[in-house]
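Single-structure report; data block below.
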Amino acid sequence: MNLYQSSRSALLLMFLLSNVQCKKKKLNQPLPEEPKVETHNRKVFLPVKFESKNLTVILGYQDQTALLTSLENSGKKKVEISYKNEMPFKIRYYDQEKPIGFLDFQANNRKIINVNSWKEELKVNISTGNYTYSYDSQNRIAEVHYYGPDHVLSEQNTFSYDAEGNLSDINTEFNQNSGMGFSYHYDVKHGIFKDVAFFWILFRELGYDFFYPTKNNPVSAEAKGLKSEHITYSYRYNEQNYPSEVTITRNNINEVYKISYRELSQ
């Protein structure tokens, strides 16, 4: 079960900002001159490859930025992401190199407020609905409302966060039913996607339920409501305290992904 996806065909996300490099200014001193020294809060790494026994996912980025532009897996499914004014603008989906659908993003005051969803059949675009975002006082996603092509509200998600800013709960109201959703707990290491720009908006659209946009990494996810499910995550970490491997356990079945990164030049 995809932890974050809604039941629609549209495969969601708060701005994730890259840490910027700090520079220590050269002091004006008589000879001998002090050398200019540069320091960093920390190195920034972007995930570029997930590889398991059954699946490989390759991620591409706009040159010298944290803007995710493509995902392609070993099953020949592909996602392309484009930007306008440095904001997400369109996501297009391909299966076996054939375009099958796309999303259009609409922004206001540097926030995504609406997403229109379309599927493509024989070069004809068919609306599958839209959804809207609202934000809390800290500019985090607070609610998402889903509408069908008839513009009737079909689902509402409400988001809660822990003290570190990680997503702690998603509560869902669907067809008059409430009390459904997920709860999450986290480690204290660098989240895999914490430095990928706009990943709070993008992650729901990508189709991989082990992609999280949070500061830290989930160690458990608990479904509540009509369908009970418990998922655990365990990690190996690299020298930079990012996960180099994740083991996902659900229904007593393990899947292990090795994770590769690329350092973002600053």
Side-chain angles (χ1 to χ4, degrees), residues 4-5 10-23 38 40-51 55-95 97-118 120 133 135 139-141 190-215 217 238 240 242-244 257-266:
Y4 290 101
Q5 288 179 311
L11 294 174
L12 171 187
L13 358 194
M14 167 173 111
F15 296 164
L16 298 180
L17 301 175
S18 301
N19 283 1
V20 296
Q21 152 177 310
C22 296
K23 293 186 177 179
E38 292 188 352
H40 298 264
N41 289 333
R42 65 174 177 85
K43 293 182 177 181
V44 172
F45 293 88
L46 304 175
V48 295
K49 186 177 182 180
F50 290 76
E51 189 172 15
L55 181 70
T56 298
V57 184
I58 305 294
L59 300 89
Y61 297 85
Q62 190 177 103
D63 218 16
Q64 312 238 337
T65 75
L67 296 174
L68 181 66
T69 56
S70 66
L71 292 92
E72 188 165 6
N73 70 25
S74 50
K76 295 188 177 180
K77 294 184 185 295
K78 185 176 182 180
V79 178
E80 291 182 346
I81 306 164
S82 60
Y83 298 83
K84 184 177 182 180
N85 298 324
E86 298 184 341
M87 294 282 292
F89 180 63
K90 187 184 290 287
I91 293 182
R92 188 173 292 277
Y93 301 97
Y94 299 85
D95 189 359
E97 300 185 357
K98 175 184 175 183
I100 58 173
F102 62 92
L103 303 176
D104 286 322
F105 294 86
Q106 297 174 337
N108 186 31
N109 294 325
R110 303 297 296 175
K111 294 178 183 175
I112 300 296
I113 58 171
N114 183 72
V115 179
N116 293 306
S117 175
W118 307 83
E120 296 182 70
Y133 298 111
Y135 296 81
N139 290 328
R140 302 176 303 198
I141 294 171
H190 293 312
I192 296 169
F193 287 93
K194 68 178 295 183
D195 296 310
V196 178
F198 305 109
F199 208 68
W200 272 100
I201 296 296
L202 300 175
F203 80 103
R204 289 176 66 105
E205 321 301 350
L206 301 178
Y208 301 96
D209 61 7
F210 50 93
F211 285 7
Y212 285 83
T214 44
K215 174 184 177 181
N217 302 287
N238 60 23
Q240 290 78 32
Y242 288 86
S244 59
Y257 287 91
K258 294 181 187 263
I259 308 166
S260 302
Y261 298 86
R262 183 186 76 198
E263 184 176 357
L264 178 62
S265 300
Q266 298 188 72

Candidate pair I192 and Y261, rule side-chain contact (heavy atoms from CB on, under 4.5 Å), full reasoning: CA-CA 9 Å; I192 296 169; Y261 298 86; 3.7 Å; yes
Audit row: Y133, I113, side-chain contact (heavy atoms from CB on, under 4.5 Å) steps and yes/no: CA-CA 5 Å; Y133 298 111; I113 58 171; 5.7 Å; no
Worked check of side-chain contact (heavy atoms from CB on, under 4.5 Å) between F193 and L68: CA-CA 10 Å; F193 287 93; L68 181 66; 5.6 Å; no
Check against side-chain contact (heavy atoms from CB on, under 4.5 Å), I141 and Y135: CA-CA 4 Å; I141 294 171; Y135 296 81; 3.8 Å; yes
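With sequence neighbours excluded, no residue forms a side-chain contact (heavy atoms from CB on, under 4.5 Å) with S70. When the side-chain contact (heavy atoms from CB on, under 4.5 Å) test is applied to K76, the partners found at least two apart in sequence or on another chain are Q96. Scored by the side-chain contact (heavy atoms from CB on, under 4.5 Å) test, Q240 finds F45, N238, Y242 as partners (sequence neighbours excluded). Among residues two or more places apart in sequence or in another chain, the side chain to side chain donor-acceptor pair (under 3.5 Å) test is passed with Y94 by E80. Under the salt bridge (Lys or Arg N to Asp or Glu O under 4.0 Å) criterion, E86 pairs with no residue, sequence neighbours left out. K77 meets the side-chain contact (heavy atoms from CB on, under 4.5 Å) test with N73, D95; sequence neighbours excluded.
Side-chain atoms of N217 come within 3.5 Å of backbone atoms of H190 as a donor-acceptor pair (strictly under, hydrogens ignored). A donor-acceptor distance shorter than 3.5 angstrom exists from the side chain of T69 to the backbone of G60, with no hydrogens or angles considered. Proximity of a side-chain donor or acceptor of S74 to a complementary backbone N or O of T56 within less than 3.5 Å is detected.
At least one side-chain heavy atom of I81 sits less than 4.5 Å from a side-chain heavy atom of L206. Here the side chains of E120 and I100 are not in contact, with every heavy-atom distance at 4.5 Å or above. Counting only heavy atoms from C-beta outward, the side chains of E205 and Y93 approach each other to under 4.5 Å. Using a 4.5 Å heavy-atom threshold, the side chains of P47 and V196 count as touching. Counting only heavy atoms from C-beta outward, the side chains of L55 and Y208 approach each other to under 4.5 Å.
Between F211 and F50, the gap from one ring centroid to the other is short of 6.0 Å.
Rounding to the nearest 0.5 Å places CD1 of I58 at 8.0 Å from OG of S260.
No more than 12 heavy atoms of other residues, nucleotides or ligands sit less than 6.0 Å from atom CD of E97. A 6.0 Å sphere centred on NZ of K90 holds more than 12 heavy atoms belonging to other residues, nucleotides or ligands.
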